[in-house]
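Any value given below was found using the heavy atoms of this structure, including those in side chains, with hydrogens, waters and symmetry copies removed. First the proteins, then the strands, lettered A, B, ... as listed; each starts at 1. Only a predicted model underlies this, so the values are computations on that prediction, with no experimental measurement involved.
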Amino acid sequence: MRDLDKTPEVEDSSALNQQLLTWYDHNARAMPWRVSPADRARGQRPDPYRVWLSEVMLQQTTVAAVTEYFQRFTQRWPSVQDLAAAEDAQVMAEWAGLGYYARARNLLKCARVVAQDLDGCFPDSYEALLKLPGIGPYTAAAIASIAFDRAETVLDGNVERVMARLHDIHDPLPAVKPVLKEQAGLLTPPLRPGDYAQAVMDLGATICTPKNPACGICPWRSPCLARVAGTAPELPKKTPKQPKPTRLGVAYLARSADGAWLLERRPDKGLLGGMLGWPGSEWNAAPAPRPPFAAEWQDLGGEVRHTFTHFHLILQVKLAELPTGHNLLPGQELLSRHDFRPQDLPTVMRKVFDLWAGSDFNPGKDR
DNA sequence: GAGACGTGGCG
DNA sequence: TCGCCAAGTCT
């Protein structure tokens, strides 16, 4: 790696973040949870609840995916007290489709701590925020800087990429992360740290993109060492990942004569924790059949394919009529035709339903 | 430190 | 079709 102590841009940190903030003042993307630089300059402050909610939703998730979820959440639960008072199942259903469901469970935990123990006020320091459920180093720094104007350093995938390129650092992630964090810290300004944090992330999201970075219009095109070296598109380096294995499984759709569905609430820990799903086999190389009750299970034909973070899944789907008077086992729920909403399911489970809905087994298919 | 943990878009 | 990638956290 280069001798970072002698990089000129570090000594020019003031000029650098001035260039970035000027760019941000003219190019900040509008988002429902964001106070524009102009409004911020007039003294308007962001609502910590909305900053927190948006940052949790944005963990490993794109702005485009988050926007409508954020609108629905804030419309339904305008304050942290409202959210803290919500039922678990309602929050999980509203989160369905957004992924990483541990975030939703921790969101509720955190809301209840803030509402019940902290008088409804989010802590305003990095250290105190870090103690809350679902808030890690990134989110604590983001809330502290954006909502409370603390000079904390955010380090997400965008900032890592920007720092690696600005300093032309070729050492692979994640090992080099502490170095990138240090470089990001040297650039964090005492004034407007919140706008600065959002500016670096906007830069990474719109200009300094993973592929085809738009170096020609970058506010940091002049000091950027990777642009000079021509290495920007290949940075940051990452240690190669293991290929994903493929697992198999069977999902069982049981429908009563009046159109109610048999579902299961999954355990809080593990994959799709706390979410509704169809009864099914285990997911592995050779799953044993595990129907929720004995019946003539009919194969729907076709299959559901879905890829999780660490494996591919191919699901076979079987169907049977739920006998009248079926006794619900622990964890099972019978949802009436009226109460069942496929959009409340995690995506893989919704795909299973969609396979049935488009099949000849659906009496209302063409209506 | 490394693996678990979702999903959708893009090239 | 497929691998990469996204405003990470928890264990």
Side-chain angles (χ1 to χ4, degrees), chain A residues 28-29 31 33-34 51-70 92 95-107 109-110 129-143 145-147 152-162 172-178 181 184 194 196-206 208-213 233-234 236-247 266-275 277 283 305-313 343 345-351:
Chain A
R29 297 188 291 169
M31 302 174 195
W33 50 86
R34 177 177 277 182
V51 173
W52 162 72
L53 179 61
S54 66
E55 290 300 341
V56 172
M57 287 183 165
L58 285 164
Q59 291 166 7
Q60 295 289 286
T61 310
T62 58
V63 169
V66 161
T67 300
E68 58 180 293
Y69 281 85
F70 179 85
M92 299 312 287
W95 195 276
L98 200 53
Y100 283 128
Y101 297 98
R103 293 185 294 171
R105 300 193 301 277
N106 286 328
L107 189 81
K109 278 189 203 169
C110 182
L129 286 162
L130 193 57
K131 292 191 171 84
L132 294 169
I135 297 183
Y138 163 75
T139 306
I143 298 173
S145 64
I146 297 171
E152 301 292 350
T153 303
V154 298
L155 189 68
D156 67 344
N158 286 313
V159 181
E160 288 173 358
R161 185 170 57 256
V162 170
L173 283 167
V176 76
K177 191 169 172 174
K181 170 88 173 180
Y196 175 80
Q198 294 173 97
V200 193
M201 293 190 285
D202 269 20
L203 186 72
T206 62
C208 196
T209 49
K211 294 166 186 173
N212 306 317
E234 64 192 65
K237 303 281 192 186
K238 301 196 177 181
T239 52
K241 293 165 187 165
Q242 293 295 315
K244 299 184 200 316
T246 295
R247 297 184 191 172
R266 299 173 65 88
D268 269 351
K269 296 210 170 193
L271 191 68
L272 308 178
M275 298 301 289
W283 296 344
R305 287 174 174 267
H306 191 77
T307 299
F308 293 96
T309 312
H310 50 297
F311 65 94
H312 303 289
L313 179 65
Q343 64 266 35
L345 302 177
T347 298
V348 62
M349 300 296 178
R350 187 181 50 69
K351 285 182 181 177

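Heavy atoms of Lys238(A) sit under 4.0 angstrom from primed sugar atoms or phosphate atoms, though from no base atom. Residue-level contact check: Arg305(A) touches neither bases nor backbone, having no heavy atom under 4.0 Å from any strand. Within the 4.0 angstrom heavy-atom criterion, no nucleotide atom of any strand lies near Pro243(A). Thr61(A) comes within contact range of at least one nucleobase, with a heavy-atom separation under 4.0 Å. Within 4.0 Å of Pro174(A), counting heavy atoms only, lies no atom of the nucleic acid at all. Among the heavy atoms of the strands, none lies under 4.0 Å from Gly204(A). Here Arg105(A) lies out of heavy-atom contact (under 4.0 Å) with every strand. Here Val63(A) lies in heavy-atom contact (under 4.0 Å) with a base. Residue contacts for Met31(A): at a heavy-atom cut-off of 4.0 Å it reaches a base atom on one of the strands shown.
Distance Trp95(A) CH2 to dT9(C) P: 12 Å, rounded to the nearest Å. Atom-to-atom, NE2 of His312(A) to P of dA4(B) comes out at 14 Å; the value is rounded to the nearest Å. For the pair Gln59(A) CD and dA4(B) P, the computed distance is 19 Å after rounding to whole Å. Rounded to a whole Å, the NZ atom of Lys269(A) is 14 Å from the C1' atom of dT9(C). Atom NZ of Lys351(A) and atom C1' of dG6(B) are 10 Å apart (whole Å). Spacing between atom NZ of Lys241(A) and atom P of dG3(B) amounts to 12 Å, rounded to whole angstrom units. When rounded to the nearest whole Å, the span between CH2 of Trp52(A) and P of dG8(C) equals 17 Å. The CD-P distance, from Glu234(A) to dC4(C), rounds to 16 Å in whole Å.
When each of Ala96(A) and Asn212(A) is assigned the nucleotide of DNA chain B bearing its nearest heavy atom, the one mapping closer to the 5' terminus is Ala96(A). Nearest-nucleotide assignment on DNA chain B puts the 5′-proximal partner with Ala65(A), out of Ala65(A) and Lys211(A). Residue Gln198(A) is the one, among Gln198(A) and Lys109(A), whose nearest nucleotide of DNA chain C lies closer to the 5' end (criterion: closest heavy atom).
When each of dC5(C), dT7(B), dC5(B) is scored by its nearest atom to the side-chain atoms of Val348(A), the top-ranked nucleotide is dT7(B). Counting only heavy atoms from C-beta on, Pro210(A) has its side chain closest to dC5(C) among dC5(C), dT7(B), dG3(C). Listed nucleotides dG6(B), dG8(B), dT7(B) differ in distance to Thr309(A); the shortest reach to its side chain belongs to dG6(B).
Taking only side-chain nitrogens and oxygens, Thr139(A) comes nearer than 4.0 Å to OP1 or OP2 of dT9(C). Neither OP1 nor OP2 of dG6(B) sits under 4.0 Å from any side-chain N or O of His306(A). For the pair Gln60(A) and dA6(C), the criterion of a side-chain N or O lying under 4.0 Å from OP1 or OP2 is not met. Residue His310(A) has no polar side-chain atom (N or O) positioned under 4.0 Å from OP1 or OP2 of dG3(B).
Remark: side-chain polar atoms of Arg247(A) are not paired, donor with acceptor, to backbone N or O of His312(A) under 3.5 angstrom.
Annotation: proximity of residues 97-104 of chain A to DNA chain B (heavy atom, distance under 4.0 Å) is found for Gly97(A), Leu98(A), Gly99(A), Tyr100(A), Tyr101(A), numbered in ascending order.
Both the sub-6.0 Å distance and the 45° axial angle are satisfied by Arg266(A) relative to the ring of Trp283(A).
Using atom P as the reference point in both dT11(C) and dG6(B), the two lie 14 Å apart (nearest Å).
In this structure, Asp156(A) CG and Met201(A) CE are separated by 5.5 Å, a value rounded to the nearest 0.5 Å.
The aromatic ring centres of Tyr69(A) and Trp95(A) sit 6.0 Å or more apart.
Side chains of Lys244(A) and His310(A): no donor on one and acceptor on the other come within 3.5 Å.
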Check against salt bridge (Lys or Arg N to Asp or Glu O under 4.0 Å), Arg34(A) and Asp202(A): CA-CA 12 Å; Arg34(A) 177 177 277 182; Asp202(A) 269 20; 2.9 Å; yes

Working for side-chain hydrogen bond (donor to acceptor under 3.5 Å, both in side chains), residues Glu55(A) and Tyr138(A): CA-CA 9 Å; Glu55(A) 290 300 341; Tyr138(A) 163 75; 2.7 Å; yes

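For Arg29(A), the CZ atom counts as densely surrounded, since its 6.0 Å shell holds more than 12 non-hydrogen atoms of other residues, nucleotides or ligands.
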